[in-house]
Visitor: 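Structure incoming, see below.
Numbering of ligands and ligand atoms starts at 1, following listing order.
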Amino acid sequence: MHIHEYQAKTLFSRRHIQIPKGILIDSTAKASDACKVLGGDIWVVKAQVHAGGRGKGGGVVLCRSVEEVGRTCSQLLGSQLITPQTDTKGLPVGQLLIEAGQNIERELYLGLLIDKQTQKITVLTSTEGGMDIEKVASETPDKIIKFGIDPLGSLSVSVQDCILMAQKLGLNTELTKQFNSTLLGLYEIFTQKDVNLIEINPLIVTQENQLLALDGKIDFDDNALYRHEDIAKLRDISQEDAKERIASEYQFNYISLDGTIGCMVNGAGLAMATMDLIEHFGGSPANFLDVGGGTTADRVAKAFELIQTEANVKGIFVNIFGGIVRCDLIAHGILQAIQTVGLTLPIVVRLEGTNAPKGLNLLGKSEFNIHVESDLTKAAIKIVELTK
Ligand code: GDP
Ligand code: MN
């Protein structure tokens with residue numbers, strides 16, 4: 001799960017990571033008051049959307065008067081912001097963060113993630129922070145300093161490691177102190193809140209010799225959200241696409257792929273086996289979908305709806321093992337769902353388990369474009385054939 005910049009910054013400041021003064025607004029009417037409270041004569045208006053690249057997409061605007069702040073706010077609020085990291089529709093802007101403008105001396109990068117190769121939390125840092133960090137990473141990777149943290153070591157970043165990194169970044173004594181507390185703060189959030197990625201880009205050095213988190217990005221592990229109520233509350237569904245929303249509402253495990261066969265399966269292992277079999281017979285899955293246990297008609301309908309949003313789907317393969325659920329109930333659910341969703345694509349249904357013959361019989365008799373099969377291999381061959 002992603003959160004907004006302003007939310008990330010709140011988490012930062014609780015861990016003593018320095019951030020610029022800022023005020024969140026949701027209407028232009030509040031803009032001039034915000035400027036007054038912040039003081040100064042330069043403000044930055046920042047669109048709050050779940051995507052980076054806002055600077056390049058016109059979502060981060062430096063303003064030199066209160067009027068300019070007002071104009072910028074009215075342009076941005078209610079618009080769709082398109083950045084190099086969004087799709088062509090962009091993301092809705094419902095909130096703006098207005099910040100006191102900073103005198104930037106240098107823009108650094110600091111981030112933490114789990115490096116799956118080394119199986120360690122890894123600190124990434126660079127003197128080349130800012131809007132082109134992706135380019136730096138791909139064209140001059142030696143400018144990115146990597147630092148693995150031993151999970152069996154001190155359970156934190158050691159002061160020596162912090163100092164070493166600060167040295168490589170060319171920070172003076174005062175900034176090194178600030179860097180240490182920033183890095184330790186990030187590490188604390190990372191480990192305490194089950195984070196996948198946490199990033200400050202840019203981490204700036206101001207002309208006043210201060211280290212400030214000018215931006216903040218945090219991606220949390222969805223599977224651990226149940227134990228972080230405070231974080232789960234930060235969710236903003238206006239920033240999620242319909243697919244993700246349905247999947248998370250119904251607790252489906254759903255991953256889009258680029259093939260043509262939509263898959264609806266109960267159980268992750270069975271879903272993997274189904275995809276393997278489709279590939280084996282020369283087809284390609286359009287998605288991974290585990291609808292989980294306790295499959296009901298409503299869930300089946302939602303799953304069909306989800307699969308139908310994939311533009312490239314030419315047919316659907318339903319593979320359900322009736323262990324706890326009864327196959328005849330699933331069959332009813334499928335028929336009901338086809339009607340509700342208005343499905344016209346060819347469907348192959350393989351049912352096995354409790355009351356499977358009854359279920360297959362029900363489906364076989366129906367007026368819809370359904371092919372029934374109790375043998376998994378035959379079913380896979382059939383759906384590949386139908387989508388060729
Ligand atoms: P992103 O493009 O979505 O990553 O948004 P950022 O929050 O990183 O802002 C993009 C860029 O705007 C930064 O890299 C800075 O160069 C610039 N910027 C943001 N705030 C200020 C500020 O207070 N003063 C100045 N001069 N530039 C800023
Ligand atoms: Mn940024």
Visitor: Is it the case that over 12 heavy atoms from other parts of the model lie below 6.0 angstrom from the CD atom of Gln251?
Guide: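 No, because the 6.0 Å sphere around CD of Gln251 holds 12 heavy atoms or fewer from other groups.
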Visitor: What do you reckon, does Asp215 have a nitrogen or oxygen under 3.5 Å from a nitrogen or oxygen of ligand 1?
Guide: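 There is such a contact, yes.
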Visitor: Charged N to carboxylate O below 4.0 Å: is that the case for Glu305 and Lys302?
Guide: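 The answer is yes: the pair qualifies as a salt bridge.
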Visitor: State plainly whether the residues Glu128 and Lys143 are in salt-bridge range, i.e. N to O under 4.0 Å.
Guide: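 No, no charged N to carboxylate O under 4.0 Å.
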Visitor: Is Glu174 salt-bridged to Lys177, cutoff N-O under 4.0 Å?
Guide: yes
Visitor: Just which atoms of ligand 1 are under 4.0 Å from any heavy atom in Gly101?
Guide: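 Those of ligand 1 that fall under 4.0 Å from Gly101 are 23 (O).
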Visitor: Within less than 4.0 angstrom of ligand 1, does Glu99 place any heavy atom?
Guide: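 It does not; every heavy atom stays at 4.0 Å or beyond.
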Visitor: With a 4.0 Å cut-off, would you call Glu5 and Arg54 a salt bridge?
Guide: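 Here Glu5 pairs with Arg54 in a salt bridge, since their nearest N and O are under 4.0 Å apart.
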Visitor: As an exercise, identify every atom of ligand 1 less than 4.0 angstrom from a heavy atom of Gln102.
Guide: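 Result: 22 (C), 23 (O), 24 (N), 25 (C), 26 (N).
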Visitor: Among all protein heavy atoms, pick out the one at the shortest distance from atom 12 (O) of ligand 1; state its residue, atom name and that distance to 0.1 Å.
Guide: Val60 CG1, 3.7 Å
Visitor: State whether Asp132 and Lys56 are salt-bridged, where the test is any N-O pair (Lys NZ or Arg NE/NH1/NH2 against Asp/Glu carboxylate O) under 4.0 Å.
Guide: yes
Visitor: Just need the protein heavy atom nearest to atom 1 (P) of ligand 1, so name the residue and atom and give the distance.
Guide: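 Ranking protein heavy atoms by distance from atom 1 (P) of ligand 1, first comes Arg54 N, 3.6 Å.
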Visitor: Check whether any side-chain heavy atom of Leu108 lies under 4.5 Å from a side-chain heavy atom of Leu110, and answer yes or no.
Guide: no
Visitor: Tell me: protein heavy atom nearest atom 15 (C) of ligand 1, and distance?
Guide: Glu107 OE2, 3.3 Å
Visitor: Is Ile133 reachable from Ile218 through a run of I, L, V, M, F, W or Y residues, each pair having side-chain heavy atoms under 4.5 Å apart?
Guide: no
Visitor: Using a strict 4.0 Å cut-off to heavy atoms of Gly52, name the atoms of ligand 1 that fall inside it.
Guide: 3 (O)
Visitor: Got a donor-acceptor contact below 3.5 angstrom from the Asn312 side chain to the Asp258 backbone?
Guide: yes
Visitor: Pairs of nitrogen or oxygen atoms closer than 3.5 Å, one from Gly55 and one from ligand 1: do any exist?
Guide: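 Gly55 vs ligand 1: N/O contact under 3.5 Å present.
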Visitor: Counting each atom of ligand 1 from 1 as listed, which ones have a heavy atom of Val44 under 4.0 Å away?
Guide: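 It comes down to these atoms of ligand 1: 20 (N), 21 (C), 22 (C), 23 (O).
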Visitor: Between the main-chain N or O of Ala100 and the side-chain N or O of Gln102, is there a donor-acceptor pair closer than 3.5 Å?
Guide: yes
Visitor: Of all the non-hydrogen atoms in the protein, which one sits nearest to atom 27 (N) of ligand 1, and at what distance?
Guide: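 Going atom by atom, the protein heavy atom closest to atom 27 (N) of ligand 1 ends up being Ile104 CD1, 3.4 Å.
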Visitor: For ligand 1, which atoms have a heavy atom of Asn201 less than 4.0 angstrom away?
Guide: 8 (O)
Visitor: Within a distance under 4.0 Å of any heavy atom of Met131, pick out the atoms of ligand 1 and give their elements.
Guide: 10 (C), 11 (C), 14 (O)
Visitor: Short list, please: which atoms of ligand 1 are under 4.0 Å from a heavy atom of Lys46?
Guide: 6 (P), 7 (O)
Visitor: Which protein N, O or S atoms lie under 2.8 Å from the Mn ion (ligand 2), given by chain and residue number?
Guide: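 Listed by chain and number, the nearby protein N, O or S atoms are Asn201 O, Asp215 OD2.
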Visitor: If we check side chain to side chain donor-acceptor pair (under 3.5 Å) with Arg350, which of these qualifies: Asn319, Thr274, Asp375?
Guide: Asn319
Visitor: With heavy atoms of Gly53 as the reference, note each atom of ligand 1 found under 4.0 Å away.
Guide: 1 (P), 2 (O), 3 (O)
Visitor: Could you check whether any side-chain N or O of Thr10 sits under 3.5 Å from a backbone N or O of Tyr6, counting only pairs where one atom can act as donor and the other as acceptor?
Guide: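 Pair found, side chain donor or acceptor close to backbone of Tyr6.
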Visitor: If we ignore hydrogens and angles and just use 3.5 Å, is the side chain of Ser238 paired with the main-chain N or O of Asp236 as donor and acceptor?
Guide: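 Judged by distance alone, no pair lies under 3.5 Å.
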Visitor: Can you check whether Lys46's main-chain N or O pairs, donor with acceptor, with Gln48's side chain at less than 3.5 Å?
Guide: yes
Visitor: Evaluate the 4.0 Å heavy atom contact test for atom 19 (C) of ligand 1: does a protein atom fall under the cut-off?
Guide: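 Yes.
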